[in-house]
Amino acid sequence: MSNNKINFNLNGKDTEVEVEDRTLLVHALREKLNLTGTHIGCDTTHCGVCTVDIDGQSVKSCTVLAVQAAGKKVITVEGLADTKGLHAVQAAFIKEHGLQCGFCTTGMMMRAYRFLQENPSPTEEEIRWGLSGNLCRCTGYQNIIKAVMTASENLKNLAAAE
Ligand code: FES
Ligand code: FES
């Protein structure tokens with residue numbers, strides 16, 4: 001088992017981390033880089049609570065080796081807010097009560113963040129399909145759908161104001 005030093009852009013910062021060949025990205029993020037917002041809810045790639053953004057795609061970080069992130073641009077939930085405050089997706093989840101225990105929320109928001117760039121004006125059905133890789137035990141999904149709808153409107157208003 002060899003160790004590798006990998007460099008990648010993590011939430012806008014050049015980052016170096018030492019990992020084994022077999023280290024999963026989710027473990028590198030949580031255990032080596034202390035970014036514990038990315039969670040683990042299964043071992044079969046279903047739940048999506050580990051979702052992060054890699055080079056513009058939603059990726060389940062439990063199903064990627066850390067070495068595969070070398071040279072890439074990775075965004076985790078800790079990178080969503082900026083100096084201006086919460087990202088529109090985060091604000092909408094709060095406003096619409098799109099979370100309870102919060103365990104799925106980080107992956108759910110990372111998926112919503114990318115989904116709304118793929119489809120800025122989604123229908124309810126498109127949101128349900130678009131977030132179908134993310135499971136939630138608490139909300140029954142209804143308020144998550146509302147949150148994504150609200151985030152979509154807010155993002156469009158922000159874009160129009162620029
Ligand atoms: S931990 Fe369940 S899909 Fe990654
Ligand atoms: S808010 Fe608890 S699992 Fe989704």
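Residues take their numbers from the sequence shown, with the count starting at 1. Just follow the structure's listing: the first ligand is 1, and inside any ligand the first atom is 1. Worth knowing before you read on, the calculation uses all heavy atoms, side chains too, and leaves out hydrogens, waters and symmetry mates.
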Nearest-0.5 Å distance, CG of residue Leu24 to NE2 of residue His27: 6.0 Å
Cys138 N/O/S atom closer than 2.8 Å to atom 2 (Fe) of ligand 2: yes
Cys101 backbone or side-chain N/O/S under 2.8 Å from atom 2 (Fe) of ligand 2: yes
Does the side chain of [X] pick up a donor-acceptor pair with the side chain of [Y] at under 3.5 Å?
| X | Y | answer |
| --- | --- | --- |
| Thr123 | Glu125 | no |
| Thr38 | Ser61 | no |
| Asn7 | Asp14 | no |

Distance filter under 4.0 Å to Gly102 heavy atoms, resulting ligand 2 atoms: 1 (S), 2 (Fe)
Numbered atoms and elements of ligand 2 in range of Gln100, under 4.0 angstrom, heavy atoms: 1 (S)
ring-ring contact (aromatic ring centres under 6.0 Å, His included) partners for Phe103, two or more places apart: His39
List ligand 1 atoms under 4.0 Å from [X], heavy atoms only on the residue side.
| X | value |
| --- | --- |
| Cys47 | 1 (S), 2 (Fe), 3 (S) |
| Gly48 | 2 (Fe), 3 (S) |
| Cys62 | 1 (S), 3 (S), 4 (Fe) |

Glu20 with Lys32: basic N within carboxylate O range, under 4.0 Å: no
Carboxylate-amine/guanidinium proximity below 4.0 Å for Asp53 and Arg114: yes
Protein contact to atom 1 (S) of ligand 1 [nearest heavy atom, distance to 0.1 Å]: Gly41 N, 3.4 Å
Protein contact to atom 3 (S) of ligand 2 [nearest heavy atom, distance to 0.1 Å]: Arg137 N, 3.2 Å
N, O or S atom of Cys50 closer to atom 4 (Fe) of ligand 1 than 2.8 Å: yes
